[in-house]
Amino acid sequence: MREAFADQTDPAFLQEALSQINSYRAQHGAPPLTLDPQLVEYAKSRAAKMSAAGQISHDGLDRQQYGENAAWQATSTPGTPGAAAGATSDWYSEVDNFNFASPEGPHSGVVGHFTATVWKGSTKVGIGRVAGQGAEYYETFIVANFSPPGNMRGSFATNVSPKQG
């Protein structure tokens, strides 16, 4: 374990991340999420925990209450923490692997980040970002926690719709 990175979750980052997530949701007919202050604090703590471990891990997540997307970014340039778009666009890019004709699967690859992002049954989100100097790179960990959680077997057809329009 190493020292957890510093919190870099500022209002501009939160608004950017929420706007991007809600834009993706709108494309799939999902209602917009609201930013929940308690979930923001939880997401910040989850990002700090991952940074201390030096890796993305969903260990310790209360899966009954929350869904979770996480992202890691690295650069050799010090200064600015990773942008929300680096995480949200990666999560959404999994749409290409999702089989809308057979929502419960099989799918051609990883889809869990995409489906959590657009899951219609989720209503709230918290997003956290930490950044700092890792062993080799300047690293950023971004975490989004969703409530209620998505990705429930047997519920994909009603919660994940094809892109509209």
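These numbers were taken from a predicted model, which means no experiment stands behind them.
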What I'd like to find out is whether the side chain of Thr115 reaches to under 4.5 Å of the side chain of Phe98, using heavy atoms alone. yes
Could you tell me if Asp36 and Ser147 have a donor-acceptor pair between their side chains, going purely by distance under 3.5 Å? no
Side chains of His113 and Asp90: closer than 4.5 Å at any heavy-atom pair? no
Check whether any side-chain heavy atom of Gln8 lies under 4.5 Å from a side-chain heavy atom of Phe13, and answer yes or no. no
Verdict with supporting geometry, Arg129 and Asp10, salt bridge (Lys or Arg N to Asp or Glu O under 4.0 Å): CA-CA 9 Å; Arg129 174 177 68 172; Asp10 59 32; 3.7 Å; yes
Crowding at CD, Gln55 (>12 non-hydrogen neighbours, <6.0 Å): yes
Quick one: list whatever passes ring-ring contact (aromatic ring centres under 6.0 Å, His included) with His28, sequence neighbours left out. Tyr92, Phe114
Counting C-beta onward and ignoring hydrogens, is there a side-chain heavy-atom pair between Phe100 and Val160 closer than 4.5 Å? yes
Is it the case that the side chains of Gln73 and Thr140 hold a donor-acceptor pair, with the cut-off being a distance below 3.5 Å and no angle test? no
For a quick test of reading the model, state the closest non-hydrogen atom pair linking Val125 to Ala144 and the distance between them. CG2-CB, 4.3 Å
Fellow cluster residues of Val110, listed by chain then number, with links counted only when side-chain atoms sit under 4.5 Å apart: none
Using a 3.5 Å distance criterion without hydrogens, assess whether the side chain of Arg2 forms a donor-acceptor pair with backbone atoms of Ala53. no
Is there a donor-acceptor contact under 3.5 Å linking the side chains of Lys120 and Thr158? no
Side chain to side chain, Leu35 and Leu14, heavy atoms closer than 4.5 Å: yes
Are any side-chain N or O atoms of Ser102 and backbone N or O atoms of Glu104, one a donor and one an acceptor, separated by less than 3.5 Å? no
Of the non-hydrogen atoms in Thr9 and Ile127, which two are nearest, and what is the gap between them? CG2-O, 3.6 Å
On a heavy-atom basis, the closest approach of Ala70 and Trp91 is O-NE1, 3.2 Å
Taking only Lys NZ, Arg NE, NH1 and NH2, and the carboxylate oxygens of Asp or Glu, determine whether Arg46 and Glu68 approach each other closer than 4.0 Å. yes
Grab the two heavy atoms, one from Asn22 and one from Leu33, that are nearest each other, plus how far apart they are. OD1-N, 2.7 Å
Tell me which pairs pass ring-ring contact (aromatic ring centres under 6.0 Å, His included) where either residue lies in residues 35-57, with sequence neighbours left out. Tyr42-Tyr66
Got a sec: does the CD of Gln164 have more than 12 other heavy atoms crowding it under 6.0 Å? yes
Looking only at heavy atoms, the pair that brings Phe156 and Pro103 closest together is CB-O, 3.5 Å
Heavy-atom pair of closest approach, residues Ser108 and Asp96: OG-O, 4.1 Å
